[in-house]
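Heavy-atom basis, side chains included; hydrogens, waters and symmetry copies ignored. It should be emphasised that the depicted structure is a prediction, and the values quoted were computed from it without experimental measurement. Chain A is the first sequence line, chain B the second, and so forth, proteins listed ahead of strands; every chain is numbered from 1.
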2 protein chains.
Amino acid sequence: MPIEIPDVVIDRLPIYARALNLLQRSGREVVSSQELGAQLGVTPAQIRKDLSYFGRFGKQGRGYSVPRLLEELRQILGLDRDWLMVLIGVGQLGRAILAYGGFAPQGFRIVGAFDADPGLVGQEINDLVIKPASELKLSLTQRPADIGIVATPAAHAQAVIDDLVGCGVKAILNYAPIAAHVPPDVHIKDIDPVLSLQSMTFYLKGQLAVAGVK
Amino acid sequence: MPIEIPDVVIDRLPIYARALNLLQRSGREVVSSQELGAQLGVTPAQIRKDLSYFGRFGKQGRGYSVPRLLEELRQILGLDRDWLMVLIGVGQLGRAILAYGGFAPQGFRIVGAFDADPGLVGQEINDLVIKPASELKLSLTQRPADIGIVATPAAHAQAVIDDLVGCGVKAILNYAPIAAHVPPDVHIKDIDPVLSLQSMTFYLKGQLAVAGVK
DNA sequence: GTATGTGAACCACTTCACAGCA
DNA sequence: TGCTGTGAAGTGGTTCACATAC
C-alpha cells in the first residue's frame, strides 16, 4: 500500500537533511520537531507529518536522534551513493557549474561535458575534456549518467533535453530559460534566478506604492 | 478591495511573460489561454484565473493580444524599470554571478560588489571595484539598492542578510545553502541546485528499484 | 511531564463548467 | 461559434488536537 507522497514533501526532505547535518556537526544528539521547525521556518506539525510518510523515527517525550534521522533521510533520498551527471553547454554558465565546488561533497559528480562550439571542444577543464555535442547520445550509451545538466542557450535547450530523454536520462537540472517538455517519468528542475527576481519585484513595487514613493 | 493574491500566482507571472516575449519575437499577435497553456505545461483555466486577479485582458472568441498582455504583465511585475542590486561574496560563485549576462537585459543591474577577503578588495570586475564587506552598510545608506544577492559561504550568510535587512533592503536572492531568517516584510528567494538534485534522486532511486536494478 | 504520530478539520489553490461577449 | 472571466465544486496539502508512548 504505497500511499502517494506529495512532491512538496520530497522537496522539503533535503532541507531537513541539511539542517540535521549542521546540528550533527555542532554535536547535537537530539532535536525536537519544535526546534527544527523554528530553525527552518516550518511548523513542527509539518515536519512530523512529512516524516510520518516514511516511518516513525522519533521518540515520544524526547524528539529525534540527530544522527539516526539524518541517516534515514539520506537513505530515503538516495544520498548514500554517488550520482553521475553530464553537463551540456560549457559557455560562461557551464564553466561556472564545472567549477562549482558544492556538488562533489554531496556525491554529485560531473563525468562528461559537451558543447556545440568547435572552439571549445578538446579543451580541458577540471580534468574533463569537452566533447562535441554531437557525440552526446553515443557517449551516454557507452557510459550512462543519472542526471543531465543543461546550460545551453535557450534556443538549443529543448533539443538537448530531447536527446537526454532519448538516452534514458530520468532527471534533468535545467539552467536554460525555457519551459521544457519532458515525459511524465522524467524529472526536471529549473534554476532561473531571473524568474526569482522578477517575482520579487512585484512585492517591491507594492511596497514603494505603500510608502508613497511611486 | 485588494483581494489577497496568492504567492504562487505571482511566481507564475514571470513565466507567462517569458513565453509572451518569445511569441512576440516570433511575430504572433494573439494567443489563447489554451495555446499558452500547452506551451507552458499549465492548464488554460489556470492562466485565465491567474490573469483575472489583475484585470480583464482578453477578448472573448479571440484570445489575448500578445503585445498588450506582455505590457500589462511587465507593469504588474514592475519590469518596466531598472532594479539596482548589490552582490555580497565575490568568490567563485560571486564572480560567476557578476559575469552572468542574463540579468542586465532584464533590467537587473549589479551596482556594488562586496567581499570580506582583503585579497579581493580593490580588484575590478566588469567595471565594478570590489569593496570591503565592512563598508556594506555605509555604502547602502549612501547609494541604496533594491535587491541584495548573497553569495558568501554559508557561515557568513545570515549576518550579511541581517545587514541588508538593517539597511532597508526588502528583497534578497540567496545563493548560500542556509535557511535564512528574515522579517515578514522582506522577500527572499533561495537558489540552491544541490537541493534540487537531492529531491530528484528520491525519484531516481525509486525508478531503479522498480527496474529491479537495486 | 514532554514530544511524537496521526485522523480529522481546515484552508488554499486548482479545475470545472457555463454565462457572457466578440 | 470560440474563448474569456468567474462563481462553484473539487482536490490536495497544512494545521489542529489529542491519544500514545517514553
Completion exercise
Heavy-atom closest pair (B/I172 atom, B/V169 atom, distance to 0.1 Å) is CG1-CG1, 4.4 Å
Handout entry: Nucleotides bounding contact with chain A, strand DNA chain D, heavy-atom threshold 4.0 Å
Key = D/dG13 to D/dC22
Fill in the blank from the handout: 5'-most contact on DNA chain D (nearest-nucleotide basis), A/K49 vs A/R56, goes to A/K49
Exercise for the section: Indicate yes or no: does B/K189 engage B/D11 in a salt bridge with an N to O separation below 4.0 Å. Expected result: yes
Practice task
Decide side-chain contact (heavy atoms from CB on, under 4.5 Å) for B/F54 and B/L13; before the verdict, give the C-alpha distance in whole Å, the side-chain angles of both, and the deciding distance to 0.1 Å.
Solution key: CA-CA 11 Å; B/F54 303 97; B/L13 297 186; 3.7 Å; yes
List, one per line, each side-chain donor-acceptor pair under 3.5 Å for residues 86-112 of chain A, sequence neighbours excluded.
from	atom 1	to	atom 2	distance (Å)
A/R95	NH1	A/V90	O	3.1
A/Q106	OE1	B/Q198	NE2	3.4

Problem - Bend angle of the helix from C/dG1-D/dC22 to C/dA22-D/dT1, from helix axes over five pairs at each end, nearest 10° - result: 10°
Problem - Contact residues, residues 23-44 of chain B to DNA chain D [heavy atom, < 4.0 Å] - result: B/S32, B/S33
Completion exercise
side-chain hydrogen bond (donor to acceptor under 3.5 Å, both in side chains) filter on B/K170, not counting sequence neighbours, yields B/D185
Polar-atom pairs under 3.5 Å, protein N or O versus N or O of nucleotides 10-13 of chain C: list them with distances, or write none.
none

Practice task
I would like to know whether B/L79 and B/L73 meet side-chain contact (heavy atoms from CB on, under 4.5 Å); could you show each step before the answer?
Solution key: CA-CA 8 Å; B/L79 308 182; B/L73 286 176; over 6 Å; no
Completion exercise
Residue set satisfying salt bridge (charged side-chain N to carboxylate O under 4.0 Å, His left out) with A/E72, at least two apart, ordered chain then number -> A/R68
Handout entry: Expected output: side-chain A/D192 to main-chain A/V194 donor-acceptor under 3.5 Å
Key = yes
Fill in the blank from the handout: B/E71 meets the salt bridge (charged side-chain N to carboxylate O under 4.0 Å, His left out) criterion, sequence neighbours left out, with none
Handout entry: Positions of residues 59-68 of chain B (non-hydrogen atom under 4.0 Å from DNA chain C), listed by number
Key = B/Q60
Exercise for the section: Please step through side-chain contact (heavy atoms from CB on, under 4.5 Å) for the pair A/I188 and B/M200, ending with a clear verdict. Expected result: CA-CA 8 Å; A/I188 184 163; B/M200 286 197 293; 5.7 Å; no
Handout entry: Residue-phosphate contact under 4.0 Å: A/R48 side-chain N/O, C/dT4 OP1/OP2
Key = yes
For residues 173-183 of chain B, which side-chain N or O atoms pair as donor and acceptor with protein atoms under 3.5 Å away, sequence neighbours left out?
from	atom 1	to	atom 2	distance (Å)
B/N174	OD1	B/A176	N	2.9
B/N174	ND2	B/A176	O	3.0
B/N174	ND2	B/D190	OD1	2.8
B/H181	NE2	A/Q39	O	3.0

Fill in the blank from the handout: Rounded to whole Å, CD1 of B/I47 lies from C1' of C/dC16 at a distance of 16 Å
Handout entry: Residues forming a side-chain hydrogen bond (donor to acceptor under 3.5 Å, both in side chains) with B/D80, sequence neighbours excluded
Key = none
Completion exercise
Hits for side-chain hydrogen bond (donor to acceptor under 3.5 Å, both in side chains) against B/R74, two or more places apart or cross-chain, chain-then-number order -> none
Practice task
Please work out whether the ring planes of A/Y203 and B/H187 are parallel, tilted or perpendicular, with thresholds of 30° and 60°.
Solution key: parallel
Handout entry: Criterion salt bridge (charged side-chain N to carboxylate O under 4.0 Å, His left out) on A/K205 and B/D146, from CA distance to verdict
Key = CA-CA 10 Å; A/K205 195 174 131 280; B/D146 304 295; over 6 Å; no
